[in-house]
Structure formats: C-alpha cells, structure tokens
Protein chains: 2
Amino acid sequence: MNLKQLAQHLGISQTTVSRALNGYPEVSEATRKRVLDAAQALDYAPNARAKGLATGRAMAIGHVIPISTQHEMVNPVFGDFIAGASEAYLAAGYDLTLSMTNDDDEADNYRRLKSKGNVDGIIVHGPKMRDGRIPFLRRLGLPFVVHGRASEVDEPYSWVDVNNARSFRRATEFLLDFGHRRIALVNGLETMDFAFRRRHGYEDALTARGLAADPALMTGQEMTEPNGYADAARMLALENPPTAFLTSSVISAIGVRRAIHEAGLEMGRDVSVITHDDDLSYLRNGPDLPMFTALRSSVREAGRRAADMLLRLIAEPRETPETALLEAQLIIGASTGPAPR
Amino acid sequence: MNLKQLAQHLGISQTTVSRALNGYPEVSEATRKRVLDAAQALDYAPNARAKGLATGRAMAIGHVIPISTQHEMVNPVFGDFIAGASEAYLAAGYDLTLSMTNDDDEADNYRRLKSKGNVDGIIVHGPKMRDGRIPFLRRLGLPFVVHGRASEVDEPYSWVDVNNARSFRRATEFLLDFGHRRIALVNGLETMDFAFRRRHGYEDALTARGLAADPALMTGQEMTEPNGYADAARMLALENPPTAFLTSSVISAIGVRRAIHEAGLEMGRDVSVITHDDDLSYLRNGPDLPMFTALRSSVREAGRRAADMLLRLIAEPRETPETALLEAQLIIGASTGPAPR
DNA sequence: GCTCGGACCCGAAGCGCTTTGGACGCCCCG
DNA sequence: CGGGGCGTCCAAAGCGCTTCGGGTCCGAGC
C-alpha cells in the first residue's frame, strides 16, 4: 500500500492525501477525516525512505558506540542510556540507528553516516580526553550531543554529563569525615574523561585536608567484577592497607566486596565502600536498603536528557551549544562506617 | 556530493558511474578506476535512502527489544548480543536500527517497521511462551530470526537458542552427583520461554533420581542482584534450607552469593552455586579461575549467529527455516563442592 | 453584475539513486 | 565488404514521497 494507491482508492490526488496526513491546513476537515480513516483501515504508513528523500530529513538519530578493542568490552550502561533516549525518540517519531565500531575508525563511521544521509544527528558515547571526534563532528556540520565531556577540547559543543569531580570529592570528604585516611580509588580507564575527572575530585579532597594521594591505592582499568576484585585484593594485602574504597561502578564495587570478604573482613565495619551508581535497571543498588553507599545518577535519565537536547538542536539549530550538568545524589547504604582504629 | 555531481565532474553519465561503483561488468577497468579514485578523493558515499528507494532494499536490520513494563528493565545481555550481531552487519554493509517498546504494542511496531520500509529483516528478542509475535511476523512476510524459542508455537520459524533444558539438567545432575538433595532454582520470569525450559531441565533431573521439586525452592523473577539476594536469603532461612543453588544469570548469582555470606556460610563449601553465564564482557566470570561454576554460552556468539542466519535468509529466501541450538559448556569454578553432611 | 480573495484541491517536478532498453564503434568472420 | 557480436557507454523511467505553482468554485464586497 502506497500513497498513490491510497489516493486512487479515495478518488483524490496524492497531494491532498499527503497534506491530509501531515496536518496541513489547506484541506477540509471532512476529507482529512476520510483520509485518516482510510489510512488506518488499510494499514498505510508512509515509506520512510521516500519521505526522507523528499524532505531531506532522515528522522533518525545515530548512536555510535565504541567497543574497547583491547577488551572487546561493551559498556554496560548503553542499554539503559538508550532506553532513556528511546523514550524521547518515540515521542518525536524518530528512529534510532546503532553502529558499533572499534575506537579506531570511528571518524570514518561518522563521515559515512552523514554522507549516506540516514541520520539527522548523533549521540557521541564514551568521550576521551582531548577527544578528536568533537572537532571532527563540528566540521562535518552534523548536530551532535556528547554523553560526557572531553577535557582539553576548547571548542564549544553540547553535552550531558554528571558532575564527576564534585561527586567524587564529596564521597572522599564523606570518608575523611568518618576518619578514614587510607582511601583507595578503583577507577575506570584513565583515557576516559570521566575517570580523569573522578580522580581529580578524589585528589582535591585529599589535598584539601593535607593528605597526599598514594599511587599504590589508585588503579584505573575496565570496570569489571574481576578487575575490581583483583585490585582490591592486591591493596588489602599491602602492609598498610586501605580502610575504604571508592569505586567507579557498581560492578567494580561487587568485585571489591568479594575481595573484602575473602580477606576475612566485613564491608561497612572493617572496610568502607562508596561507589558511583548509574542506577542500572538490572543492578539496582537495593531499592529499599542500598547495599552500597553510592553516588547515584540515573544513566537512563541522562539518555533522555541527551536525546531531548539533540532533538531540540535539530529542530532549531543555534550557535551556542546547550549543556546539562547532572548532580549525583549521595545515598547512604550499608557499606560505610567509621574508620576502624 | 551526489552521483550527478560526481558524474559531471568526471564527464561521464550517471549510469556508468553507478555501475562502476557497484561492480557491474559493463564498464572498462580504466574508467572504473577513474571513478573509484574520484569517489575516494571527493569523499562520495551514495545516499542510503535514495539507494534504498531505487533498489527496494533497506540494507538495515531491525532489532525490536521489549522493555519489561512492570520493572522498566532492560535485559543486560542486549549490549553483547548486539555487539556480536554488529560484526555480521558491518561485514555485509547492513545498518542496525533499534526500537524499544513496552511489550504491549510490539506488534504495531513490527507493522510500522515493515510498511515504513526501513528494514529488510528483524531479530526478535526475548520470546515468551506461545509468543504471538511469531505467527504475526510470518503473516507479515518479513524475514526474521528469533533469539530463543517459543514453546507451543507450532509454525516453523528460524531461531538461535542455547539448549536451556539440557544445560540445566546437566547442572542439576552435577549437583546431585555431589550429594546435594535440596537444590534451589533461582530462575528468570516464567513468562519467558528460556525460564520455562530451564525449570523443566531442572525438574527432569530431579525426577530421574526419584526426587520431587520443592516449590519452596523455586522462584522466577527478573534477574537482578537484589532479587537473587532476597530469594536466597529467604530460602536459607527455611527450616530445611537448600545446600545448592542453580541461578539463571551471573547477576542473580552475585545476589545469591551475598545472601550466603550474610548467613555466615561459605560458598563452595557450605553452599554450592551453579549459574548460567552469558559470558558478558563486563561480567566475566573469572577468565582464569571462574568464581562460579557455570553453564557458559556466549551471547555475543549467539548474536553473531543470529545475524548471519538472518542475512542468509534475506539473501536467499527459503521455505524451511534454519535453526541453531548452541550447547552451553559446563565450567567448573570455585562455587561448587560436595554437599555438607 | 463583476471582481477578488479564500478555501480546497490538483498536476507535475524533484529528491538521488538503479536499471531497462538501446546506441555507437570496432573487430572478426564468412 | 557487410553484418553479427562484443565491449562501452548513455538517456530516461521509475522508486514513493513532498511541495511549488497554479486551477476551480463560491460567497462577499463594491
């Protein structure tokens, strides 16, 4: 069923049918109703490709998600982020096309996406420090919003990010207030911008109290359970082990918890743990009683915000980019307590 | 830059340029080279929409992923599944478009996808028992492959699935051989087909040894950490608690492990745990020494297989559907041991 | 009574590509 | 020497939609 057939069926021109369907004023309410009813009854939906060709808009957003080449690792937050973004797309009638690339040939990917003309805008995932994609996309002229930020990129661009430095500073201060002095940081890969910011928040808090960060208590790896476990196990075996851990994801925190248990210690009493918490749907940190004290910021919400922002940007292009800085909530759970003495 | 401009630039017809780019024989090698070089230099890529309009093929695959409405939960395996599928799409030049729906209006979604004409085929996620989507898609006439199977659907269809019944039977037998008699099953939602099959595998193994499944030791919920924890905690508090757990995901298993620890018991000595393991990239079950004894079957591999199958189906439509039954590997980790006496 | 402006509708061009149905040389063979 | 065949290339139609530039009809205004 296509427009032509529908028009013939109704005995009116394609033009009128098209206008009726798209809400143009120059068609009487009577015929509009007839058209809409017929479309419904005959299960007609306009061909998206043809429509895109004619209008020049693709009605689709591209998400390019980099897969860490070393570890073939998919960031576990994508599912929830995209679920949030989808809500916005659904409401606006946009589709979502996904392309995965190993971090190397991403630029190529963007260029293709643009010249193939099947997206109107892009969400950039996993920004690194000095991320080259940002100047590149600006030159391409395709609207985009970054999930996160890229330090040391001075061009303006739109982003949605959580205040990583601030939340890790707060968490560190919280632990310091509890008397902890040996605080470990189990971070994500330091090439990632968020990890960089988190470390700075952590170090700032320490410095402000006249403490120096101990390199032996800081790691930055892919945020997996085994990595969290291994890092924590190693640190707990030190001569002067940490009494508290700060982790960058619930998954790492679970590994840390395992190491704590295996060392014969109890989390929340002997060793405290605070984690960043993306509020993933399948890793809820205890809806009732949180198992981890956490800095919570819903990545699903971030997805929604980023998508909304991008759609706005597409609808009305503007010079000055939009930005949104989300604050994480510090949620007290069972994993923290005063430093043992 | 479009075909017309490229053709003008080269001083040849659009026809010839098109043919040169698409590898048709009726163009001399000399001109083909000229065309390809120019395309490269001018960064030309054909407009996908126009190409789709002309050829009738969208060069895109749709993934419709249902979001559990009750729990707003995104299945954590999607990331890895899609990463696997993407490898196949990338190689074949296909795009991937994603749509998320709450399970209710999925049918509507498929119909739209088809009539909008922007996918050539569909991967169906999260099949339920008696899943209505399968007959529906067959009638739609759009090629599709199901990730999983749907019991009590007698029409033929293509699928890729892991042998859930068999692997849970094996796991149960393994525990029985170790002397366990009180074996709990922490399953996924029983509306999901895989959960249904797993329970049957489990029950079959028990029955074969003359044991009856105890309803108090079986649960079926969304597979989250808190759910695994709560279920295990409740069961361990029973008068006659289980000495072993069978869980449907590593995430549930982590919750179970927490409950075991909190009950003052040790996993692998006092209580055994075997889990299904999708081999997710961010939840690797110990590459070296697995923390859980597990039935491992890479969901990423499943994605690759399903995508390959679908592409084949699109290329050469056939009557008899293709199917692939993957066998999970039983991997011995630190979480199992003989039943305590 | 005639014109003029809305309200409503239509024909046809055009979006960027593929593909059908030739056209034009050139060589080879009878 | 003429014609068939092959190797190259081209013009134009068509994919399904939007939209520009009118057309027609009717009631209001002079």
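First the proteins, then the strands, lettered A, B, ... as listed; each starts at 1.
Ring planes of A:H147 and A:H125: perpendicular class, angle over 60° (limits at 30 and 60°).
Taking the 5' to 3' direction, DNA chain D first and last meets chain A under 4.0 angstrom from a heavy atom at D:dG16 to D:dG21.
Taken residue by residue, residues 32-57 of chain A places heavy atoms nearer than 4.0 Å to DNA chain C at A:L53, A:A54. Residues of residues 17-30 of chain A having a heavy atom closer than 4.0 Å to DNA chain C, listed by number: A:R19, A:E26, A:V27, A:S28.
Applying the side-chain hydrogen bond (donor to acceptor under 3.5 Å, both in side chains) test to A:N47 and every residue at least two apart in sequence or in another chain returns nothing.
Within the 4.5 Å cutoff, side-chain heavy atoms of A:E322 are placed close to those of A:R312. Under the 4.5 Å side-chain criterion, counting only non-hydrogen atoms from C-beta, A:M129 is not in contact with A:T191. Side-chain contact between A:T323 and A:Y157 is absent, with no heavy-atom pair separated by less than 4.5 Å. Under the 4.5 Å side-chain criterion, counting only non-hydrogen atoms from C-beta, B:V145 is in contact with B:I123.
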Could you list the donor-acceptor pairs under 3.5 angstrom formed between side-chain atoms of residues 34-46 of chain B and any protein atom two or more places apart in sequence or on another chain?
{"unit_1": "B:R34", "atom_1": "NH2", "unit_2": "B:L10", "atom_2": "O", "d": "2.8"}
{"unit_1": "B:D37", "atom_1": "OD2", "unit_2": "B:K33", "atom_2": "NZ", "d": "2.8"}

In a table with atom names and distances, give each donor-acceptor pair under 3.5 Å that connects a side chain of residues 75-87 of chain A to protein atoms at least two apart or in another chain.
{"unit_1": "A:N75", "atom_1": "OD1", "unit_2": "A:V77", "atom_2": "N", "d": "2.9"}
{"unit_1": "A:D80", "atom_1": "OD1", "unit_2": "A:S281", "atom_2": "OG", "d": "3.2"}
{"unit_1": "A:D80", "atom_1": "OD2", "unit_2": "A:S281", "atom_2": "N", "d": "3.0"}
{"unit_1": "A:S86", "atom_1": "OG", "unit_2": "A:I82", "atom_2": "O", "d": "2.9"}
{"unit_1": "A:E87", "atom_1": "OE1", "unit_2": "A:R304", "atom_2": "NH1", "d": "2.7"}
{"unit_1": "A:E87", "atom_1": "OE2", "unit_2": "A:R300", "atom_2": "NE", "d": "3.3"}
{"unit_1": "A:E87", "atom_1": "OE2", "unit_2": "A:R300", "atom_2": "NH2", "d": "3.1"}
{"unit_1": "A:E87", "atom_1": "OE2", "unit_2": "A:R304", "atom_2": "NH1", "d": "3.1"}

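In this structure, B:R149 places its CZ atom where more than 12 heavy-atom neighbours from other residues, nucleotides or ligands lie under 6.0 Å away.
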Inset, instruction - Evaluate side-chain contact (heavy atoms from CB on, under 4.5 Å) for B:V124 paired with B:I134, printing each intermediate quantity in order. - result: CA-CA 9 Å; B:V124 175; B:I134 290 164; 5.6 Å; no

